[in-house]
Amino acid sequence: MTPLDVFLQQIVNGLTIGMIYALIALGYTIVYGIAQLINFAHGEIFMVGAYFGLLAYTLIQLLPVGSVGFLFILPLIFLFVMTLTALLGVIVERFAYRPLREAPRLAPLITAIGVSFLLQNAVMILFGPADKRFPSLIEIHKLSFHHVTITNLQIMITGFSLILMLVLHTFIKYTRMGKAMRALADDREAACLMGINVNQIISIAFLIGSALAGAGGIMFGMYYNTINFHDGYLAGLKAFSAAVLGGIGNIPGAMVGGVLLGILEGMGAGYISSEWKNVFAFFILILILLFRPHGLLGSRVVKKV
Amino acid sequence: MKKYARQPTNEGAFVKRIHFVLIGSVLALSFTGCTQNTSQSNVIKIGCSAPLTGDQAQIGIDTCRGAQLAVDQANQKGEVLPGKTLELLELDDQHNPAQAVNVAKKYVSDPDVIAVVGHFNSSCTKPASAIYNEGGMVQITPASTNPELSKQGFKTFFRAAATDDVQGPAAAKYVASKLGVKRLFIIDDKTTYGKGLADEFEKEARKQSIEILGHEGITQGDKDFTPLLTKIKPMDPELIYFGGIYPEGSLLIRQARGLNITSKFMGGDGLATPIFIELASKEIAEGTYASMVGGDMRKIPSAAQFIKDYEAKYGSMGQWSAYGFDSANVVIEAIRKAGQNNREAVLKAMREIPVFKGVTGEIIFDEKGDNKNQFIGVFKVENGELTYVGPAA
């Protein structure tokens, strides 16, 4: 294995986890862009998504579909989980954030932490505190180029994440609903005056963000094969860093930020020291906040008077 | 638009309330300070603390179930002290040192608690042992293996398990002589236990003139170790040694095999548990070595009955269940000898037990509270089961 192989392998590893960070980061960014709210329970929705995935898998095991093959079942699992997490996101918004829409900014931040604890503990009680084994769902094949190993799962994660991002991009850019979302992000009051239903659009932002987090949750489970009720915490924080890195509120920014964070973190751990792996992610967050607070792709917001 | 009006502040009332709370807590504290050493109630409580929730819950639950079995059996056999029944009081330390200190304070302030079996993780046992020492309460850890724990000069500290300065070197000798390994890489989880064990392993490995390609730490609770493993891959070590516990251990071996790393994999007692195999999957865990305090229990005659009783009650046994059982039994023996439920008397009796014949072998305490019987066995995953392969050194 030459140094170049090692470098490429680190890129492959970083890219895979970076894609998952990006999916979660999108949720932070969409919600922030529209509601100016950091949804700190978002990491927990991602974690719940992984558990829903496990639940779906267990339920399917009970059905006599063994011969159909997972190529058909996998989309079903994704659909099931993304629907449930989307619903969960909307419920959380309805009960924890909407009543506080006009309250000082700190209040929804605190309810977010409350929701986060609620979800963590609910999962702990329902599924037990121990690590749960998560099946790979597809048969893993390793492809080797020189000495660089890529699995079909890594390709699937990258590919599917890209597809989801593309769909999201098209939705935001070309549909009426997407236009309404952009309008709301630009100027809430003006959008309101144009007859846009603010509550509905915010609900949709939560719906989309949570569905993406759910998909991220399943892929996280498939990739690492163990899930735990507090997995959402660290993954959520890193995705938040990724969103800030790309420019919070900026959708392409979250995608770039996630991938970049995954790769930078892997490089730091691989070339400097693995003991400091988590430190790199948050160090990047601090650097960005200090020197480019609007993120890599975010535009400087002119303070409205 | 609703506006949130500022609450009119009434500072005087607020300060008064704070005073009231302060006085209340001081009073409460002084009451607990005045409680008598000998409890008058008719239950004798023995504490058992380990991670009972969280990612390491399984290993903690296994340990406390062993202790529970010991207590149940003692109660069935008849009263340990006239008119009193034993009770196990389990508290969760979440393998969090701060939580362990809270647990220890709870035990010490409950006059019915006479002794504690716990904690599981060395990082928890360390701060908690100071609290037990202040409270004059016997603490016997079934599983904390860090050697520093018994060097703090606490008279209340006892342990059933062998220490890492025995386990680590023994494992290194095994690797050198039985496996013939010449080059290896060491990973630890930076905890008191994991780093302690890995450091002791490294020292002896160097003495055995094994080439150490590197020694790096990972973070407990992290999931992705591929950056480190990718760095290790071109070094092509014959063996990767991991000082840590099964959640990270199972991820490490999965990810190593995923990157086509074929090195042997070895760990300490933190991997010697069936749940490691379950999480890593049988095919991937196959061939993993783990050193473990004690040998093959199934070959110790006194253990056969214990295994039967345990499995009848709880199903399959964890590697630490027997240590929980033995630790609780030593404490029960000390209470019986002391003849009273008084912490001081039990502590004195504990020191006077010459040899305790447990299901894990003999337990003989030295003056530091460590077990003089420090046998280390090596286990290997064969056909998806942890199989005893022989003594480590």
Side-chain angles (χ1 to χ4, degrees), chain A residues 1-3 5-10 12-14 16-17 101-104 107 121 124-125 128-136 140 142 144 147-149 151 153-154 220 223-231 233-235 262 265-280, chain B residues 1-4 6 51-62 92 94 187-190 195 214-236 245-252 254-255 257-261 275-281 284:
Chain A
M1 218 176 167
T2 63
D5 289 338
V6 174
F7 181 77
L8 290 176
Q9 183 75 62
Q10 298 286 22
V12 169
N13 301 337
T16 317
I17 182 66
R101 186 106 353 120
E102 306 301 340
N121 286 290
M124 190 188 92
I125 291 164
D131 280 31
K132 283 262 178 277
R133 175 122 166 71
F134 197 101
S136 292
I140 305 282
K142 283 183 221 161
S144 291
H147 290 283
V148 182
T149 318
T151 62
L153 181 63
Q154 285 176 315
F220 183 84
Y223 190 48
Y224 294 118
N225 298 109
T226 61
I227 52 171
N228 190 283
F229 70 95
H230 50 218
D231 279 347
Y233 173 71
L234 198 60
E265 185 187 64
M267 293 292 170
Y271 287 104
I272 304 172
S273 163
S274 65
E275 295 186 24
W276 294 80
K277 181 165 169 266
N278 292 334
V279 178
F280 292 120
Chain B
M1 205 190 273
K2 265 184 276 174
K3 282 273 182 219
Y4 279 71
R6 244 170 160 252
L52 302 175
T53 62
D55 48 353
Q56 295 176 16
Q58 193 60 51
I59 213 165
I61 291 168
D62 285 344
D92 181 13
Q94 302 165 0
I187 303 174
D188 71 56
D189 66 2
K190 296 190 288 186
K195 187 170 188 321
H215 183 161
E216 279 214 36
I218 55 162
T219 307
Q220 239 184 21
D222 198 359
K223 290 258 166 178
D224 195 341
F225 308 119
T226 47
L228 173 61
L229 290 166
T230 301
K231 177 177 163 183
I232 295 175
K233 192 181 172 188
M235 300 178 192
D236 194 24
I245 315 244
Y246 62 84
E248 287 77 29
S250 60
L251 282 165
L252 268 172
R254 282 195 76 91
Q255 291 170 11
R257 298 297 180 246
L259 289 167
N260 283 334
I261 297 175
I275 194 169
F276 165 73
I277 303 168
E278 191 196 318
L279 289 176
S281 89
I284 286 174

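Note on naming: letters A, B, ... go to the chains in the order of the sequence lines (proteins, then strands), and numbering restarts at 1 for each one.
- For the atom pair CD1 (B:Ile218) and OG (A:Ser273), the distance works out to 11.5 Å, reported to the nearest 0.5 Å.
- Both the backbone and the side chain of B:Lys223 come within contact range of chain A, judged by heavy atoms closer than 4.5 Å.
- In this structure, CD on A:Gln10 lies 7.0 Å from OG1 on B:Thr226, to the nearest 0.5 angstrom.
- Contacts of B:Leu251 with chain A are made by side-chain atoms alone, with heavy-atom separations under 4.5 Å and no backbone atom involved.
- For A:Asp131, the parts lying near chain B are the backbone and the side chain together; criterion is any non-hydrogen pair under 4.5 Å.
- Heavy atoms of A:Phe229 lying under 4.5 Å from chain B belong exclusively to its side chain.
- Heavy atoms closer than 4.5 Å to chain B are found in the side chain of A:Phe220, but not in its backbone.
- There is no contact between A:Ile125 and chain B, counting heavy-atom distances below 4.5 Å.
- In this structure the side chain of A:Tyr224 never reaches within 4.5 angstrom of the side chain of B:Arg254, judged on heavy atoms.
- Nearest heavy-atom pair, A:Ile272 versus B:Lys231, reported as atom, atom and distance to 0.1 Å: O-NZ, 4.4 Å.
- Between A:Asn13 and B:Leu229, every side-chain heavy-atom pair lies at or beyond the 4.5 Å cut-off.
- At least one donor-acceptor pair under 3.5 Å links the side chain of B:Lys190 to the backbone N or O of A:Glu275.
- Counting only N and O atoms by type, the side chains of B:Glu216 and A:Ser274 include a donor and acceptor under 3.5 Å apart.
- If you measure heavy-atom distances from B:Gln255 to chain A, the contacts under 4.5 Å come from the side chain alone.
- Heavy-atom distances place no part of A:Thr2 under 4.5 Å from chain B, backbone and side chain included.
- A heavy-atom distance below 4.5 Å is not found between the side chains of A:His147 and B:Asn260.
- At a threshold of 4.5 Å between non-hydrogen side-chain atoms, the residues B:Pro227 and A:Glu265 do not count as touching.
- Only the backbone of B:Leu52 comes within less than 4.5 Å of a heavy atom of chain A; no side-chain atom from C-beta onward does.
- Here the CD1 atom belonging to A:Ile17 is positioned 5.5 Å from the CG atom belonging to B:Asp224, to the nearest 0.5 angstrom.
- The greatest number of non-hydrogen atom pairs below 4.5 Å with chain A, out of B:Ala280, B:Ala57, B:Gly258, is found for B:Gly258.
- Considering CD of B:Glu278 and CZ of A:Arg133, their distance stands at 8.0 Å, rounded to 0.5 Å.
- Interatomic distance, CG of B:Asp222 versus NZ of A:Lys277, reported as 3.5 Å (0.5 Å rounding).
- Between chain B and the options A:Asn228, A:Leu234, A:Thr226, the largest number of non-hydrogen pairs under 4.5 Å is found for A:Thr226.
- Using a 4.5 Å cut-off between heavy atoms, A:Asp231 touches chain B through its side chain atoms alone.
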